[in-house]
Amino acid sequence: RFAKRWLVLQFICNVSLCSTLPLALTQLPNKYATTLIFVLTPTIVNALIWFAAANFSKNYLKKITILPIIHADDLGLTKATNTAILDLIDNGKLNSTSLLVNGPAANEAIDHSKKWQKINLHLHLCLTEGKPIANASYISSLIDKRLCLKASFIKLLFVSILPSNSVYKKRIKAHLRIEINAQINKYKELTKLSNISIDGHQHIHLIPIVLEILINLASEHNISWIRTTKENYPVNLHTMDWLKTLINGGLLKWSILQLLTFLAAPRIAKAGLSTNESFSGVLFTGKMFGDVLSKSLKVFKKTDANSQNTIPLLLIHPADKLSKFEKTIGLRDFPLSRNFFSSPNRMYEWHAIKTRQKSNYFEE
């Protein structure tokens, strides 16, 4: 793959020069000068291309090999998610996890706080489903008739592009600030942590209007880290894997989050906050096992070290099998998550990480 890009560039440059130089040089009266230019120009261009290629290779080899953080979302969502996440922590296979403070099993997760104190814990900001933490009467634009959160990803993305003087946008923004404040305070109350790291349920935290509020609240709540999703795509995957991610919308989701990360990263850095250097887990969300997991881990083999940013992060969503109660009643207020966590893929991810040896992350 390295050689191809430079060979293609060389081919394009040579074809372009051979096509345009004779036309450009017909006006020169001296045929010797014409011949000299015609011979030397491609030679010089080729030399410059391979000089650039050599520098690229040299810099690539200097990059540091970094093992990624293995991170699990949705601690506190259900007993099934708690079981899998806490098991991975017990077995030393998980580096960090995110707590859903409005999750039905959040208090149960807190009962096992001695376990997750061994790893990094983040707030899993949720605005799309579940009961709000703030008083419902203060955030009427964010809830439905059942008093559940309904701020969908698409809706908030649309509100973000409205003019700043829009009355509707101001109202949504004010209500978002109230609920975000409430979730941060609830997180502090449950975990007794003062230094806050944040990511989002369905990556809602990267939407501009939400990110702006988080940055504005950073100094007040001692927010030091916000997750981004700068994800390189794995190579050498089977064609069927790519077809699946195209059909199920993974590629579209990846494209949107790549754009949002591109816009968010400079704002996070400007605010003096840190983020993860790179990421994996959006393109094949919910299918991080088998060949996809192996190839996704290899994406991190060569990564630039950045003093402000933390090391790369690989996202998984492990869970045990949902009980009948969790499917029917426990996740009634989390319809999006109920469908996602009903899949057997949750158990596949759990066991794929549990049985994987760290020494095999970068098999040749």
Side-chain angles (χ1 to χ4, degrees), residues 1-66 68 228-246 250-270 275-280 282-284 291-292 294-309 311-312 361-364:
R1 293 178 70 251
F2 161 75
K4 284 179 184 176
R5 72 186 72 178
W6 298 104
L7 286 171
V8 168
L9 177 61
Q10 184 185 32
F11 177 78
I12 293 171
C13 288
N14 277 293
V15 169
S16 300
L17 287 171
C18 290
S19 302
T20 58
L21 273 178
L23 298 174
L25 297 176
T26 51
Q27 305 300 320
L28 291 180
N30 190 319
K31 65 177 182 179
Y32 297 107
T34 301
T35 303
L36 189 64
I37 294 172
F38 190 78
V39 171
L40 289 181
T41 301
T43 304
I44 293 170
V45 169
N46 287 331
L48 290 173
I49 289 172
W50 287 104
F51 178 76
N55 279 337
F56 177 88
S57 181
K58 183 179 178 181
N59 292 332
Y60 182 82
L61 292 172
K62 286 182 178 179
K63 290 182 180 180
I64 300 170
T65 299
I66 299 179
T228 50
T229 56
K230 179 185 176 184
E231 181 175 17
N232 295 321
Y233 55 85
V235 296
N236 301 325
L237 281 173
H238 296 300
T239 303
M240 284 305 299
D241 289 320
W242 287 111
L243 287 176
K244 286 176 184 177
T245 194
L246 183 64
L251 195 60
L252 176 61
K253 180 181 176 182
W254 175 83
S255 301
I256 293 171
L257 289 173
Q258 287 288 94
L259 175 60
L260 292 179
T261 288
F262 176 78
L263 297 173
R267 298 177 66 184
I268 292 171
K270 187 177 180 181
T275 186
N276 44 298
E277 179 68 17
S278 57
F279 179 90
S280 185
V282 165
L283 195 57
F284 296 96
D291 198 42
V292 169
S294 299
K295 299 297 172 58
S296 296
L297 284 164
K298 285 186 177 182
V299 170
F300 302 119
K301 189 167 184 181
K302 295 292 181 182
T303 307
D304 285 318
N306 187 308
S307 58
Q308 183 174 342
N309 293 343
I311 62 178
Y361 279 172
F362 301 132
E363 325 124 311
E364 296 298 329

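Numbering of residues begins at 1 and proceeds along the displayed sequence. The structure presented is a predicted model; accordingly, all values stated were derived computationally and were not measured. Values below: every heavy atom of this structure, side chains too, minus hydrogens, waters and symmetry copies.
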Looking at every non-hydrogen atom in both residues, tell me the closest pair between Ser296 and Val292 and how far apart they are. OG-O, 2.7 Å
Val39 versus Thr43, closest heavy-atom pair with distance: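 In this case the closest contact between Val39 and Thr43 is O-OG1, 3.0 Å.
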Only counting residues at least two apart or in another chain, list the ones meeting side chain to side chain donor-acceptor pair (under 3.5 Å) with Thr275.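 Thr228.
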State which residues pass side chain to side chain donor-acceptor pair (under 3.5 Å) with Asn14; sequence neighbours excluded, sorted by chain then number. Asn46
Looking at residues at least two apart in the chain, or sitting in another chain, which of them share a side-chain contact (heavy atoms from CB on, under 4.5 Å) with [X]?
X	value
Lys230	Thr261
Val15	Phe11, Ser19
Leu17	Leu21, Thr41, Pro42, Val45

Any donor-acceptor N/O pair, Glu231 side chain to Gln258 backbone, under 3.5 Å: no
[X] [atom1] to [Y] [atom2] distance, which is reported to the nearest 0.5 Å:
X	Y	atom1	atom2	answer
Leu7	Ile12	CG	CD1	11.0 Å
Leu283	Leu252	CG	CG	11.5 Å
Ile44	Leu40	CD1	CG	5.5 Å

Contact between Asn276 and Ile311 at the side-chain level, heavy atoms closer than 4.5 Å - yes or no?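 They are not in contact (no side-chain heavy atoms under 4.5 Å apart), so the answer is no.
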Please enumerate all residues that pass ring pair (Phe, Tyr, Trp, His ring centres under 6.0 Å) together with Phe279, with sequence neighbours excluded. none
